[in-house]
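Everything on this sheet refers to the single structure shown next.
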Protein chains: 2
Amino acid sequence: MTSAAAHESKTRLLDAALQVIRAKGYAATTVEDICQRAGVTKGSFFHHFKSKDDLALGATAHWEAMTESFFASAPYHQPIDPLERLLGYVDFRGAILTGDLPDYTCLLGTLVQETYATHPDIRAACDRGMSRHIAELTRDIEAAKKRYAPKARWSAESLGYFIQAALQGSFIFAKAKQSPAVVRENLAHLRRYLKSLFTPQDTAAARSH
Amino acid sequence: MTSAAAHESKTRLLDAALQVIRAKGYAATTVEDICQRAGVTKGSFFHHFKSKDDLALGATAHWEAMTESFFASAPYHQPIDPLERLLGYVDFRGAILTGDLPDYTCLLGTLVQETYATHPDIRAACDRGMSRHIAELTRDIEAAKKRYAPKARWSAESLGYFIQAALQGSFIFAKAKQSPAVVRENLAHLRRYLKSLFTPQDTAAARSH
DNA sequence: GCCACCATACCGACTAGACGGTATGTTGTC
DNA sequence: GACAACATACCGTCTAGTCGGTATGGTGGC
């Protein structure tokens, strides 16, 4: 057995974990749930992972790898103008809202809610993963800010967090309402905010009327 | 024992549930966790609640009652200007970020993430509770819109959802980072967005330059 | 080219403990 | 004495994790 094929079971388990955890939450997900979905046995599971918590850690790493390449190859990076790239990101987030809820919601956001107080290492892994994605996004924000709003008092990073928070919160409402409609509407608000931030404004009263 | 005192145990259980579920999540919370925190026994628990799921439903109702009166008596309602009330709400949400994470995060947001796919009635209860709070908020938004941005194409309700989504998402990051700092920064962005929405704008290019 | 040796991958029955829920009291109040 | 509000002991199930075992494929000695 080649080493690539050798790890197929492990990959299947990780893929299964992403789906099941996003659907049922971490605590309610049983090892056998994941094994069943992956089509492997418990023996195989515990061969690849020390424990359920170890799987969670593996799942966050797997998630990071998947999402990083997914976003890296997305089309919104093409424009030369950084603001266009940023708005392209927001639009892209709207465009990928297909399939069922577990298909487009965020593993890390789900996971951290359940584990922040009880599983320090999982919490830290979620924090790292989300922060890394935001750091990537922040590069475009920084560039857009330099060009369109160099004097603004908000930081590029804080705006990156705001965008992600709006997304994460939108997912909560999508779950509550069983529909991505609210995500789309919130992305429209986000887009409007971004445009207002990057549209050079005369200060306060310096307008007609 | 009076009927008020008679329900003291039940209230203690509900209060305990709010805390423990927000800290550990619903699935990871055991009935005994809640009993211990409430200082009552399991017998008492199952006297008042048919099941753990029944407690969750009770907890959402309890949460709604608590938060409704909490926000109803908050000071931000006083201004006559609806925009001031709305900005007052945002500021108020920043002012109440005290204590530990489970003290200021939202039960319903936590709960719905874990239960949306597996517990239809709990999901529906969370949806109802969050929507009710938003409906309340939407009244001020509607009034502010009528006065300051009557022609704007966004709906008052969608803005209510956006505000709540930003809050819920901020709580996720607060948990990841173990600090409410990011919530405060996001509220600052939110405030900036609201001000921009309600500041009458000349259309597009009708500016200097 | 064969075989002993070994590591990795995988299997599935089993266990110990945790947990939701129940059955059976006990106590106090009207 | 009836009923609500507890309390305690207990039960059955579910589940993370274990453990002895098998299959497969690679490696080195001869």
Give the rounded distance in Å between these two atoms: CZ of A/Phe49 and C1' of C/dC10.
-> 14 Å

Which nucleotide in the set C/dG21, D/dA16, C/dC10 lies at the smallest distance from any side-chain heavy atom of A/Ser9?
-> C/dC10

Give the ring-plane orientation class for A/Tyr161 versus B/Phe173, where under 30° counts as parallel, over 60° as perpendicular and anything between as tilted.
-> perpendicular

Rounded to the nearest angstrom, tell me the gap between atom CG in B/Leu55 and atom P in C/dC19.
-> 16 Å

Listed nucleotide nearest any side-chain atom of A/Thr41, set C/dT8, D/dG17, C/dG12 = C/dG12

How long is the line joining CZ of B/Phe45 and P of D/dC10, in whole Å?
-> 22 Å

Let me know the distance between CG of A/Asp53 and C1' of D/dT15, rounded to the nearest Å.
-> 14 Å

Identify whether NZ of Lys or CZ of Arg in B/Lys52 sits under 6.0 Å from the centre of the six-membered ring of B/Tyr26 and within 45° of that ring's axis.
-> yes

With no hydrogens and no angle check, is any side-chain donor or acceptor of B/Lys195 less than 3.5 Å from a backbone partner on B/Leu87?
-> no

For A/His119 and D/dA16, give me the distance from atom NE2 to atom C1', rounded to whole Å.
-> 12 Å

Under 4.5 Å between any side-chain heavy atoms of A/Cys106 and A/Trp63, yes or no?
-> yes

Heavy-atom contacts under 4.0 Å between residues 13-37 of chain A and DNA chain D, which residues?
-> A/Thr29, A/Thr30, A/Val31

Output field: ring centroids A/Phe198/A/Trp154 closer than 6.0 Å = yes

Phosphate-side-chain proximity, A/His47 and C/dA9, N/O vs OP1/OP2 below 4.0 Å = yes

Could you state the CZ-P distance from A/Phe46 to C/dT15, rounded to the nearest angstrom?
-> 17 Å

Output all residues satisfying ring pair (Phe, Tyr, Trp, His ring centres under 6.0 Å) with A/Phe171, sequence neighbours left out; order by chain, then residue number.
-> none

Short side-chain N/O contact to C/dC10 OP1/OP2 from A/His48, under 4.0 Å = yes

Within this structure, what is the CG-to-C1' distance between A/Asp54 and D/dG17, rounded to whole angstrom?
-> 13 Å

Hey, is the side chain of A/Lys42 poking within less than 4.0 Å of OP1 or OP2 on C/dG12, counting only N and O atoms?
-> no

Whole Å only: how far is the NZ atom of B/Lys52 from the P atom of C/dG21?
-> 8 Å

Six-ring centre of A/Phe49, A/Lys10 cation under 6.0 angstrom, axis tolerance 45° = yes

